[in-house]
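FYI, the numbering just counts along the sequence from 1.
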Amino acid sequence: MSDPGPSRVYGSLLRLYPRPFREYYGTDMLQLFADQLGDEGRSRVWVRAIVDLALTVPTRHMEAHMTRRTNDSAATALYTALAVSGVAMAAVGGTEPAMLATGLVFALAAGGLALVSARRDAAPADPTAWWKVLSAGVVLFAGVVITTTITGELSSGWWFPMMAVLFSSIVVTIFGLILGIRRFATRGAAGSAVT
């Protein structure tokens with residue numbers, strides 16, 4: 001009968017991995033370690049295990065950090081809304097080449113971010129995202145109002161960026177309101193289903 005001590009020590013070392021990784025692979029890793037101890041020399045197995053831990057634990061933590069998300073479809077919808085505001089800005093600019101170009105570049109950039117966001121794996125949505133989005137829209141709008149009040153009339157060089165910010169603030173504010181309404185409607189529906 002083999003000594004359970006090394007497997008317990010190795011099991012403790014596996015706690016260095018992120019929890020999801022450990023929960024998915026931990027049992028198999030312990031079994032492989034025990035099998036290797038039975039087939040090979042102890043020192044050889046331990047050296048290989050320590051080197052593997054030293055190389056893979058930081059990598060797994062970095063991967064876990066990089067894939068962690070706070071919002072799922074909210075980010076995609078927000079970027080899509082910003083892309084729509086870029087298209088609206090281009091449409092309002094019409095024959096003005098600088099306004100048209102600025103709106104289209106804004107729409108393409110936000111649309112690209114929406115595509116990237118949509119392709120990422122979804123995680124549970126942050127239930128507080130609606131008020132953060134709403135606050136961002138209101139702050140942007142207030143910034144435009146304060147800036148134009150202080151400076152008076154904007155020069156033509158600053159007019160296009162300020163219009164982009166204005167359009168974006170309106171879209172983001174409306175989007176925040178929609179998220180808030182959806183959040184309270186789903187919370188109310190969940191509460192009525194329980195009773």
Legend entry - Parallel, tilted or perpendicular: rings of F33 and W46 (30°, 60°): perpendicular

Legend entry - F21 atom CZ, over 12 foreign heavy atoms within 6.0 Å: yes

Inset, instruction - Answer yes or no: are there more than 12 heavy-atom neighbours, outside R44 itself, under 6.0 Å from its atom CZ? - result: no

Legend entry - Close side-chain approach of D52 and R48, heavy atoms under 4.5 Å: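 With C-beta onward as the side chain, the pair stays apart.
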
Inset, instruction - With the side chain counted from C-beta on, respond yes when L13 and I50 share a heavy-atom pair under 4.5 Å apart, and no when they do not. - result: yes

Legend entry - For R42 against P6, the heavy-atom pair lying closest together: NH2-CG, 3.0 Å

Inset, instruction - Determine, using the 4.5 Å side-chain heavy-atom cutoff (strictly less than), whether L37 and L32 are members of one ILVMFWY cluster. - result: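 No, L37 does not connect to L32 through the hydrophobic network.
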
Legend entry - Single-linkage hydrophobic cluster V87~V84, side-chain heavy atoms < 4.5 angstrom: no

Between [atom1] on residue [X] and [atom2] on residue [Y], distance to nearest 0.5 Å:
{"X": "R22", "Y": "T27", "atom1": "CZ", "atom2": "OG1", "result": "11.0 Å"}
{"X": "L30", "Y": "Y25", "atom1": "CG", "atom2": "OH", "result": "15.0 Å"}
{"X": "Y10", "Y": "Q36", "atom1": "OH", "atom2": "CD", "result": "8.0 Å"}
{"X": "L140", "Y": "I170", "atom1": "CG", "atom2": "CD1", "result": "11.0 Å"}

Inset, instruction - Taking T148 for its side chain and V145 for its backbone only, find out whether a donor-acceptor pair lies under 3.5 Å. - result: yes

